[in-house]
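Keep in mind that what you see is a predicted model, and the values were worked out from it rather than measured. Only heavy atoms go into these numbers, but all of them, side chains included; no hydrogens, no water, no symmetry mates.
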Amino acid sequence: MYICRLQWKLRMKSYKILLFIFSVIALLALLCSFFPEDGIVIGPFGEADVSESPLRLQFPSLERVFEADAPAEEMEDPEILIQKRMESISNARRNQFFDYFENDPARFYFPGDSITLFDSLFYAFENSGEEPLRVVHYGDSQIEIDRVTAALRAALQSRFGGRGPGAQMIGHQLYNYSISQSTSRELPRRMAYGPATARAGHNGYGPLAQMSRLDSSVIVSYNPRKDNDNPSATFNRLTVMAGNIRGRLRVTVGGNTLVVTPDSLKGKRIAFMEFELADSARACSMTLSGSADLYGALLDGSEGISVDNVPMRGCSGTIFTRVNADHFREYFEKTNTRLIILQYGGNTVPYMNASKQISDYGKNIEKQINYLRTLAPDAYFLFIGPSDMSTRIQGKMQTYPKLPMLVDTLRTYSNKAGAVFWDMYGAMGGHGSMARWATSQPPLAGSDHVHFTKLGADKMGDMLTKSLLLYYDYYKLRREDHAELQRYMDSLDVKTLPVGKAE
């Protein structure tokens, strides 16, 4: 009986304890509901200094009491969390680039799909103010009078610095979009390409694959084009390139004269005779006398990027192995050539009727790129395939039947040689596009359905340039992502972020 009474008393005590606990919880909940969010200010009292901070009583709200714990991801290590956030932002931005790189007809085709191949080239572009560099654009008649090249030069020099129109021939009346040349008389011209009657009888053609022979004297002037308002309109340095000197070569620019003899070449094949001009010069004149092969004149600035336009009418691009290797090597080294552009294929299109012909041509292009690579080991290579070209088929102007196969073959063999490929045929619209360009208003191509008009060439040059600079923007994005992430890590005193190229 005693035990039963004890158990009953304990149950009553448990009930009261439980009731007390729930009462306290209810009271606290009531306080949570009605207690001001900003709390209740108490004091100061009596003689207390009113400048002292008052005592404030605060009580958590019901929302805060029942607030869920932070998600597991938010509890991660801050370094990991920050890296995740940065990668998420970066991926969203990169997807826009990848859509272009994978699908757009005007994209570049990189060997092994390595879209970061040009990173070192872009770094050199950015630092060309301290270490000037050169881009050389070799091509067929599609780039004559500075077509395509002029747009590329203007964009690169505007973005990275540099001035002047680059390499020019000496001793011929010349007109192009960037500058014009006048001469007191025409000099004999020899070329590694074109008709056999134009050959020199040796392989000393110079880095432009053509040269002029001087055996007396000539006055040559370079004059500005009024419609050229690009950085190429001005220059502050003139460099004359010459070789095969007999006796001596004397060159006078303004009041300055330089004389070169065979002995002064010191084993080199090319003499580079440099003259400093007034800053931002737009014209210059020089007098040359003596006996020498003249390989060209360079009109440049003392910093930034220089871009040469080297057109070869009728050339298929298979003539580089005919030119003295030392001429190319000395030029590329002297001028710090970092990008060599080859634009060929159009002159072979009318004669390509069999797959073997196309394959053999592709192999020859691969051979030319490999040859130049050994002479310019610091340079990157970009091969631009032929544009669309039309011929009359069943009474209608249509794309040459074998042209698409030729484009694919050139892409394969140029990539095999380590060169990046740009498909001009695809970029301008592919099959049948030349007929549309030639009949557009205003015309973007000539009535020959082969060559671009100035307007069309500018548009193609602009398309090429914008595509190149899009890869540069992607390079910048990856560098900025890395730098931004490093700044976050530094703020946390983390010094171990791996350094290396994105991708």
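- Remark: the His451 side chain and the Gln142 side chain contain no N/O donor-acceptor pair separated by less than 3.5 Å.
- With Asn336 contributing its side chain and Pro132 its backbone, the two residues share a donor-acceptor pair below 3.5 Å.
- A distance-only check finds a donor-acceptor pair linking the side chain of Thr348 to the backbone of Gly345 [under 3.5 Å].
- The closest donor-acceptor contact from the side chain of Ser359 to the backbone of Ser355 lies at 3.5 Å or more, if one exists at all.
- The line from SG of Cys315 to CD of Gln343 is 12.0 Å long, rounded to the nearest 0.5 Å.
- Proximity of Leu342 to Gln368: side-chain heavy atoms (C-beta onward) are nowhere separated by under 4.5 Å.
- Checking side-chain atoms of Gln181 against main-chain N and O of Gly171 turns up a donor-acceptor pair under 3.5 Å.
- Atom CE of Met211 sits about 4.0 Å away from atom NE2 of His202, to the nearest 0.5 Å.
- Looking at Gln157, its side chain does come within 3.5 Å of a backbone N or O of Ile305 through a donor-acceptor pair.
- With hydrogens and angles ignored, the 3.5 Å screen pairs a side-chain donor or acceptor of Ser128 with a backbone N or O of Phe125.
- More than 12 heavy atoms of other residues, nucleotides or ligands lie within 6.0 Å of OH in Tyr100, so this atom counts as buried by the packing criterion.
- Put simply, the side chain of Arg147 never gets that close to the backbone of Lys454: no donor and acceptor are under 3.5 Å apart.
- The only option from Phe97, Phe122, Tyr123, Phe108 that meets the ring-ring contact (aromatic ring centres under 6.0 Å, His included) definition with Tyr472 turns out to be Phe122.
- Between the side chains of Tyr331 and Arg134, at least one donor N or O sits under 3.5 Å from an acceptor N or O.
- Applying the side chain to side chain donor-acceptor pair (under 3.5 Å) criterion to His431, with sequence neighbours excluded, gives no partner residue.
- Nearest approach of Ala106 to Ser467, heavy atoms of both residues: O-OG, 2.9 Å.
- Counting heavy atoms from C-beta outward, Phe235 and Cys284 have side chains that approach closer than 4.5 Å.
- The existence of a salt bridge linking Lys268 and Glu333 is excluded, since no basic side-chain nitrogen approaches an acidic carboxylate oxygen closer than 4.0 Å.
- Counting heavy atoms from C-beta on, the side chains of Leu410 and Pro386 come closer than 4.5 Å.
- Remark: His172 NE2 to Arg189 CZ distance equals 5.5 Å, nearest 0.5 Å.
- One finds a salt bridge joining Glu126 and Arg479 here, because a Lys/Arg side-chain nitrogen approaches an Asp/Glu carboxylate oxygen to under 4.0 Å.
- Side chains of Lys416 and Ser414 form no contact here, defined as non-hydrogen atoms less than 4.5 Å apart.
- Of the listed residues (Phe320, Tyr193, Phe381), just one forms a ring-ring contact (aromatic ring centres under 6.0 Å, His included) with Tyr138, and that residue is Phe320.
- Contact annotation: the side chain of Arg248 approaches that of Thr261 to within less than 4.5 Å [non-hydrogen atoms, C-beta and beyond].
- The shortest side-chain heavy-atom distance between Met434 and Thr399 does not fall under the 4.5 Å cut-off.
- Between Arg163 and Asp279, at least one side-chain N (NZ, or NE/NH1/NH2) sits under 4.0 Å from a carboxylate O, which counts as a salt bridge.
- Taking the six-membered ring for Trp and thresholds of 30 and 60 degrees, Phe328 and Tyr371 have ring planes more than 60 degrees apart, a perpendicular arrangement.
- Sparse packing is recorded around CZ of Arg250, with 12 or fewer heavy atoms of other residues, nucleotides or ligands lying under 6.0 Å away.
- Remark: the Tyr425 side chain and the Ser433 side chain contain no N/O donor-acceptor pair separated by less than 3.5 Å.
- Taking all atoms of both residues into account, the shortest heavy-atom contact from Ile358 to Leu406 is CG2-CA, 3.8 Å.
- Counting all heavy atoms, side chain and backbone alike, Met428 lies closest to Asp388 at SD-N, 3.3 Å.
- Minimum heavy-atom separation, Ser178 to Asp146: OG-OD2, 2.5 Å.
- Shown are Lys356, Lys363, Gln357; of these, the side chain to side chain donor-acceptor pair (under 3.5 Å) with Asp360 is made only by Lys356.
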Check the pair Glu274, Lys334 against salt bridge (charged side-chain N to carboxylate O under 4.0 Å, His left out), reporting the backbone distance first and the verdict last.
-> CA-CA 12 Å; Glu274 295 185 3; Lys334 172 70 174 178; 3.4 Å; yes
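- A salt bridge is defined here as a Lys NZ or Arg NE, NH1 or NH2 lying under 4.0 Å from an Asp or Glu carboxylate O, and Lys459 with Asp462 fails to meet this definition.
- For the residue pair Thr234/Ser280, the side-chain donor-acceptor check at 3.5 Å is not satisfied.
- For the atom pair Arg338 CZ and Asp378 CG, the distance stands at 5.5 Å (nearest 0.5 Å).
- Side-chain contact between Val240 and Ile170: present, with at least one pair of heavy atoms (C-beta onward) separated by less than 4.5 Å.
- Looking only at atom types and distance, the side chain of Ser291 has a donor-acceptor partner in the side chain of Arg213 under 3.5 Å away.
- To the nearest 0.5 Å, atoms NE2 (His137) and CG (Leu464) are separated by 7.5 Å.
- Between Ile319 and Tyr205, every side-chain heavy-atom pair lies at or beyond the 4.5 Å cut-off.
- Between Tyr474 and Phe98, the gap from one ring centroid to the other is short of 6.0 Å.
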What do the steps show when you test Phe118 against Phe110 for ring pair (Phe, Tyr, Trp, His ring centres under 6.0 Å), and what is the final call?
-> CA-CA 9 Å; Phe118 278 164; Phe110 287 85; 5.5 Å; yes
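- The shortest non-hydrogen separation linking Arg269 to Tyr295 is O-CE1, 4.3 Å.
- None of Leu403, Thr409, Asp408 except one satisfies the side-chain contact (heavy atoms from CB on, under 4.5 Å) rule with Met405; the exception is Thr409.
- Between Asp119 and Arg478 a salt bridge is recorded (basic side-chain N to carboxylate O distance below 4.0 Å).
- Side-chain atoms of Tyr344 come within 3.5 Å of backbone N or O of Gly139 as a donor-acceptor pair.
- Remark: the backbone N or O of Ser180 is not paired with any side-chain donor or acceptor of Arg225 at under 3.5 angstrom.
- Side-chain atoms of Asn228 do not come within 3.5 Å of backbone N or O of Ile179 as any donor-acceptor pair.
- When all heavy atoms of Ala297 and Met286 are compared, the closest pair comes out as CB-CE, 4.2 Å.
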